[in-house]
Number of protein chains: 2
Amino acid sequence: MEAATQAFDGADKIRRAAADLFGERGFDAVSIAHIADRAGSSKANIFHHFGSKEALYFAVLREAVDRSTDHFRDAMRAELDPAQRIERAIRGSLTVLFEDPERARLIFREVMESGPCRAEALANEVFGDDFTALTRLFADIQPGGETDGAVPPSFLAHVLLSCNVMLFHCHQVLRHLPGGEYAEQQEHYIKMLRDVLLSSMRAKQETNA
Amino acid sequence: MEAATQAFDGADKIRRAAADLFGERGFDAVSIAHIADRAGSSKANIFHHFGSKEALYFAVLREAVDRSTDHFRDAMRAELDPAQRIERAIRGSLTVLFEDPERARLIFREVMESGPCRAEALANEVFGDDFTALTRLFADIQPGGETDGAVPPSFLAHVLLSCNVMLFHCHQVLRHLPGGEYAEQQEHYIKMLRDVLLSSMRAKQETNA
DNA sequence: AATGCCGCTGACCAATCGATCAGTCAGCCT
DNA sequence: AGGCTGACTGATCGATTGGTCAGCGGCATT
């Protein structure tokens with residue numbers, strides 16, 4: 001029926017322009033006129049294809065979400081020693097963030113802004129799989145199984161993602177902080193984070209008070 | 001000269017209303033009319049006191065920054081054993097975030113949005129002192145001094161701040177993730193993060209490849 | 001050739017945006 | 001009393017916002 005041949009039809013150009021602009025400046029700071037201008041289209045055409053500004057935003061958001069989970073999944077499968085598997089996971093998550101920055105900022109802004117209502121949907125439909133996969137990775141590697149007192153795998157996933165997300169969003173600031181040179185040496189950063197995660201897994205933890 | 005007695009003059013009410021709204025929804029999503037309404041004032045009066053929307057935003061931002069650094073400084077001084085000092089630091093940083101959420105979101109949004117131009121100013125004038133203090137804390141506690149191969153103190157500061165900031169911004173999502181119950185048990189969260197940081201300091205790290 | 005559909009456009013809408021204006025009112029100084 | 005300052009307001013500005021609508025040209029079907 002339709003021609004799937006021409007990959008760049010008008011609607012797609014609009015989608016991509018909107019993704020860039022929404023990612024850079026957020027929902028409210030971007031106007032339909034801006035998007036139309038960047039896409040080389042007209043305002044009316046945007047409403048013809050998407051109906052409203054909100055609908056366009058959600059379309060862009062959903063596309064960004066789908067794409068990012070694909071990338072993350074690829075970076076996860078590897079049968080190596082624990083240190084290398086952790087490195088792989090760190091690098092994979094980092095790649096997702098840095099290779100499509102606008103998309104990543106779009107998603108994180110949504111997470112920040114979303115109230116309790118949408119948060120559960122985001123957790124289940126968007127981040128659940130990736131987080132579970134990462135948690136399972138740490139559970140697999142854990143030397144003595146889940147001895148009580150040890151840091152649980154899901155928290156190690158939290159540490160990994162937190163550090164990466166922070167590096168991504170703040171690296172322009174971090175690199176000017178005293179001792180923040182790691183923000184510009186990605187390989188060095190990866191090894192340090194790997195060491196933090198590895199030693200947290202190995203150590204028998206004290207659980208005083 | 002001026003009366004320092006009346007603590008809530010008009011300008012201050014505007015400032016506080018603006019801080020709340022900017023923190024909740026960001027700069028572009030908030031209009032002067034909203035702020036005037038919330039402050040029980042008039043649009044024109046806002047321009048009378050602050051000159052422009054941007055000037056009001058910066059005034060609010062600066063006030064938020066000053067207040068947060070004060071709180072952080074208090075939480076830092078304590079002469080206890082390493083585990084307790086780290087706990088103290090985690091709790092202090094967490095308090096800064098959660099006890100004035102709008103202010104915290106205001107600042108973080110500024111960090112996210114700022115290009116390379118303003119990032120350096122933010123690093124030096126706003127976050128430099130706190131980050132340095134936190135780094136020094138880890139350097140003091142470090143058992144064998146700075147043996148090479150160990151995770152540097154500034155990176156431990158990165159881990160601490162990253163995890164806290166992520167917990168703050170995403171805890172509505174995290175608590176719905178499998179294994180994300182820690183997002184609602186703050187004391188448990190603090191102890192886990194403390195263990196991660198402690199074991200990262202103690203362990204002689206491998207620096208292969 | 002007439003048809004209907006679809007991608008697309010310029011002109012236009014009411015509402016709202018940030019900002020300015022002249023002007024009011026209360027307090028303070030001389 | 002009179003002059004002056006500063007907090008404050010309602011009305012209003014031009015520009016821009018998200019959104020609508022009638023209509024255009026190309027293309028496939030009948």
Side-chain angles (χ1 to χ4, degrees), chain A residues 1-64 102 106 109-110 113-114 118, chain B residues 1-63 102 106 109-110 113 118:
Chain A
M1 309 298 178
E2 301 102 43
T5 58
Q6 50 173 9
F8 298 156
D9 60 334
D12 213 61
K13 269 173 112 172
I14 293 172
R15 226 188 313 262
R16 288 187 299 154
D20 289 348
L21 289 171
F22 282 144
E24 283 175 25
R25 303 180 220 173
F27 181 80
D28 293 289
V30 174
S31 71
I32 300 285
H34 290 149
I35 299 172
D37 193 49
R38 165 98 67 137
S41 178
S42 67
K43 269 175 56 178
N45 194 30
I46 293 181
F47 289 96
H48 170 68
H49 281 294
F50 297 94
S52 76
K53 188 187 180 184
E54 264 209 330
L56 170 60
Y57 178 75
F58 285 135
V60 163
L61 186 63
R62 182 155 301 268
E63 189 207 19
E102 289 80 18
L106 199 66
R109 213 179 263 126
E110 186 67 20
E113 235 78 347
S114 72
R118 262 204 309 239
Chain B
M1 306 299 180
E2 301 100 46
T5 59
Q6 49 173 10
F8 298 156
D9 59 334
D12 215 60
K13 268 174 111 173
I14 293 172
R15 227 187 312 262
R16 288 187 300 155
D20 289 347
L21 290 172
F22 282 144
E24 281 176 25
R25 305 181 219 175
F27 180 82
D28 293 289
V30 174
S31 70
I32 299 285
H34 291 148
I35 298 171
D37 192 48
R38 164 99 69 137
S41 177
S42 67
K43 273 174 57 176
N45 194 30
I46 293 181
F47 288 96
H48 169 69
H49 281 293
F50 298 95
S52 76
K53 188 186 180 184
E54 262 210 330
L56 170 60
Y57 177 75
F58 285 135
V60 164
L61 185 65
R62 183 155 299 269
E63 190 206 18
E102 289 80 19
L106 198 67
R109 213 179 263 126
E110 185 66 22
E113 235 77 348
R118 262 204 309 239

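It should be emphasised that the depicted structure is a prediction, and the values quoted were computed from it without experimental measurement. Note on naming: letters A, B, ... go to the chains in the order of the sequence lines (proteins, then strands), and numbering restarts at 1 for each one.
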Report summary line: The answer to which of A:Ala44 and B:Ile14 contacts DNA chain D further toward the 5' end, by nearest nucleotide, is B:Ile14
**Report entry** Contact nearer the 5' end of DNA chain C, comparing A:Lys43 with A:Ile46
**Finding:** A:Ile46
Can you measure [X] atom [atom1] to [N] atom [atom2] for me and round it to whole angstrom units?
| X | N | atom1 | atom2 | answer |
| --- | --- | --- | --- | --- |
| A:Phe47 | D:dG18 | CZ | C1' | 5 Å |
| B:Leu56 | C:dC17 | CG | C1' | 15 Å |
| B:Glu54 | C:dA19 | CD | P | 8 Å |
| B:Asn45 | C:dC21 | CG | P | 17 Å |
| A:Asp12 | C:dG7 | CG | P | 13 Å |
| A:Asp37 | D:dT16 | CG | P | 13 Å |
| A:Lys13 | C:dC8 | NZ | P | 9 Å |
| A:Ile32 | C:dA14 | CD1 | P | 20 Å |

Query - Basic-acidic side-chain contact under 4.0 Å: A:Arg118, A:Glu110 - result: yes
Query - Ionic contact status for A:Glu113 with B:Arg109, cut-off 4.0 Å - result: yes
[X] side chain near [N] phosphate (N/O to OP1/OP2, under 4.0 Å):
| X | N | answer |
| --- | --- | --- |
| B:Ser41 | D:dC8 | no |
| B:Ser31 | C:dC17 | yes |
| B:His48 | D:dC8 | no |

Query raised in the report: Cation-pi between B:Lys53 and B:Phe22: NZ/CZ under 6.0 Å from ring centre and within 45° of the ring axis?
Result: no
Query raised in the report: What nucleotide, of D:dT17, D:dT9, C:dC17, holds the atom closest to the side chain of B:Ala33?
Result: C:dC17
Query raised in the report: Are any non-hydrogen side-chain atoms of A:Ile35 and A:Arg38 less than 4.5 angstrom apart?
Result: no
Requested in this report: Would you check if A:Phe27 and B:Asp28 make a side-chain contact, meaning some heavy-atom pair closer than 4.5 Å?
Outcome: no
